Amino acid sequence: MSEPSPVSRRAGLIRPFIVMDVVARAQELEAQGRDIVHMEIGDPDFPTPSVIVRAAEAAMDAGDTGYTQSLGLPDLREAITAHMKSSYGVAVDAENIVVTQGTSPAMLLLFGSVLDPGDEVVLADPCYPAYPNYVSFLGGAPVSVPVRAEDGFRFRIDEVERAITPRTRVIMVNSPSNPTGGVLGPQDLEALATLAERNGLWLASDEIYHGLQFEGREHTVLEYTDRAFVLNGFSKAYAMTGWRLGYLIAPKQFVRSAEKIQQNFFLCANHFVQVAGTAALLHAQDDVARMRAVYDERRRYLVPALREIGLGVATEPLGAFYVFADARAWGADSVVLAGRLLEEAGVAVGPGIDFGPGGEGFLRLSYATSIERLREGVSRLAEWAAARP
Ligand SMILES: Cc1ncc(COP(=O)(O)O)c(C=O)c1O
């Protein structure tokens, strides 16, 4: 008789991130001498801008290597306040900001502060997989609302409304979105804010891809409601994934609970990284614009190129650095298809099912890689598609 699993039921609720298996297999193939085009990972291919690196070096030299306040350095929290004012015209009190080691821990602070067992969180399907995993892990219940390619992967507000029950506590948005590159416009955000207010819910907005929106001005949910949490981080726009820095902007009544979670589980974000983050906000906006322009150039190449080889891109992705392409013409099972493309074409992509059942039949292609490699990837995919029986 086989032994029951020693792993906790809570840990058992977390779904694996299959794209990491793609990464592992790609590395194995590379170790055997195969050349692989990497379009699977959401990690900027740019080095962190030097103005940020220099600030970290100076901070380390100055001895900024110990703990800081759990809420984060006052200078950084002030810089975030100034950033919210100059970018969106929104007044955020530095007291409402908790600095974290990336946007990921900010999700724990958010959902840990808001959810009781059985409380529901409305999420897009497909969405960034950490959201439902955090919600389930904390005893909450993720509730999916479909978003569709033909709508630019934006919510249909009436469907969000229908998903609300007496147990709903949070509506989660992510614009620009991973995996879809979809962007919610001011009207979408306003309608969701109204819905949240009318139903006594909280709107939570993951704004980590702000700075990487290619058309129109970016909007924070805080322009539309105070019943909102903002999660953000430096990983994407500033090319700082490995530095681990982010923040949560929380309504006043949740700041102390978020602080307590931070104090106990993480203590604080790294001191010199917080100094570097302050420099990023104050001095790296030109670098962000430069990187955004390069991503945009890649996007303009990639979207028509993918359409030409038979992948479906119903609406232009407007932000982040992903194309979420309908690959059903090549195969209905996205894991099987991603596996074949890796083994047979030498191109690593993310299977859409990673992002929820609504992502099945799709592939996520990241253009956080050089245009030369993108061209090589597309040419291999074209060859593979043409040779398919
Ligand atoms: C939508 C979204 N939120 C959060 C994260 C995690 O960000 P961080 O590196 O700040 O923890 C990612 C990373 O891919 C993401 O795509």
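Each ligand, and each atom within it, is numbered from 1 in the order the structure gives. Positions are given from 1, in the same order as the sequence printed here. Treat the numbers as computed from the prediction; the structure is a model and nothing was measured.
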Trainee: When you look for heavy atoms under 4.0 Å from ligand 1, do you find them on the side chain of T103, its backbone, both, or neither?
Mentor: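 For T103, backbone and side-chain atoms both sit under 4.0 Å from ligand 1.
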Trainee: Numbering the atoms of ligand 1 from 1, which are under 4.0 Å from a heavy atom of S235?
Mentor: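 Taking each heavy atom of S235 in turn, ligand 1 has 8 (P), 9 (O), 10 (O) under 4.0 Å.
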Trainee: Within ligand 1, which atoms have a heavy atom of K236 less than 4.0 Å away?
Mentor: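 Those qualifying, in numeric order: 12 (C), 13 (C), 14 (O).
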Trainee: I need the atoms of ligand 1 closer than 4.0 Å to a non-hydrogen atom of M107, numbered in the order shown.
Mentor: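 The list of qualifying atoms is 3 (N), 4 (C).
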Trainee: Out of S177, A106, S104, P179, who gets a non-hydrogen atom closest to atom 11 (O) of ligand 1?
Mentor: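 It is S104 whose heavy atom sits nearest to atom 11 (O) of ligand 1.
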Trainee: Nearest non-hydrogen atom to atom 2 (C) of ligand 1 belongs to which of D206, T241, L231?
Mentor: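 Nearest option to atom 2 (C) of ligand 1, by heavy atoms: D206.
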Trainee: Please work out which of the three classes, parallel, tilted or perpendicular, describes the rings of Y224 and H219, given edges at 30° and 60°.
Mentor: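 The arrangement is tilted - the two ring planes meet at 30° to 60°.
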Trainee: Enumerate the atoms of ligand 1 whose separation from the nearest heavy atom of G102 is less than 4.0 angstrom.
Mentor: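 Heavy-atom distances to G102 below 4.0 Å select 10 (O), 11 (O).
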Trainee: Salt-bridged, R198 to E161, with N to O below 4.0 Å?
Mentor: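 E161 and R198: salt-bridged.
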Trainee: Does the pair R373/D35 count as a salt bridge with the N-to-O cut at 4.0 Å?
Mentor: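 Looking at D35 together with R373, the answer is yes, because their closest N to O distance falls below 4.0 Å.
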Trainee: Is the distance from the ring center of W202 to that of F254 below 6.0 Å?
Mentor: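 Ring centroids of W202 and F254 are less than 6.0 Å from each other.
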Trainee: Counting only heavy atoms closer than 4.0 Å, does ligand 1 sit against the backbone of Y131, its side chain, both, or neither?
Mentor: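 The answer is the side chain of Y131.
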Trainee: Would you mind listing which atoms of ligand 1 come within a distance below 4.0 Å of any non-hydrogen atom of R244?
Mentor: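 It comes down to these atoms of ligand 1: 8 (P), 9 (O), 11 (O).
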Trainee: May I ask you to list the atoms of ligand 1 that are less than 4.0 angstrom from any heavy atom of N178?
Mentor: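 Checking each atom against N178, I get 1 (C), 14 (O), 15 (C), 16 (O).
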Trainee: Using a 4.0 Å cut-off to any heavy atom of N174, which atoms of ligand 1 qualify?
Mentor: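 Contacts of ligand 1 toward N174, numbered from 1: 1 (C).
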Trainee: Can you classify the ring geometry of Y247 versus F234 as parallel (below 30°), tilted (30 to 60°) or perpendicular (above 60°)?
Mentor: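 The rings of Y247 and F234 stand perpendicular, inter-plane angle above 60°.
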Trainee: Relative to the ring of Y128, is the ring of F17 parallel (under 30°), tilted (30 to 60°) or perpendicular (over 60°)?
Mentor: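 Rings of F17 and Y128: perpendicular, as their planes differ by over 60°.
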Trainee: With a 6.0 Å cut-off on the ring centroids, do Y209 and F321 count as close?
Mentor: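 Yes: the rings meet the under 6.0 Å criterion.
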Trainee: Among all protein non-hydrogen atoms, which one is nearest to atom 7 (O) of ligand 1, and what is the separation to 0.1 Å?
Mentor: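 Heavy-atom neighbour on the protein nearest atom 7 (O) of ligand 1: I208 CD1, 3.1 Å.
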Trainee: Can you say whether the rings of F355 and F324 are parallel (under 30°), tilted (30 to 60°) or perpendicular (over 60°)?
Mentor: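 The arrangement is perpendicular - the two ring planes meet at more than 60°.
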Trainee: Is any side-chain N of the basic residue among R299 and E215 closer than 4.0 Å to the acidic one's carboxylate O?
Mentor: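 A salt bridge is present here (some side-chain N lies under 4.0 Å from a carboxylate O).
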Trainee: Can you sort out which atoms of ligand 1 are near Y209, meaning under 4.0 Å from one of its heavy atoms?
Mentor: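 So the atoms of ligand 1 that pass are 1 (C), 14 (O), 15 (C), 16 (O).
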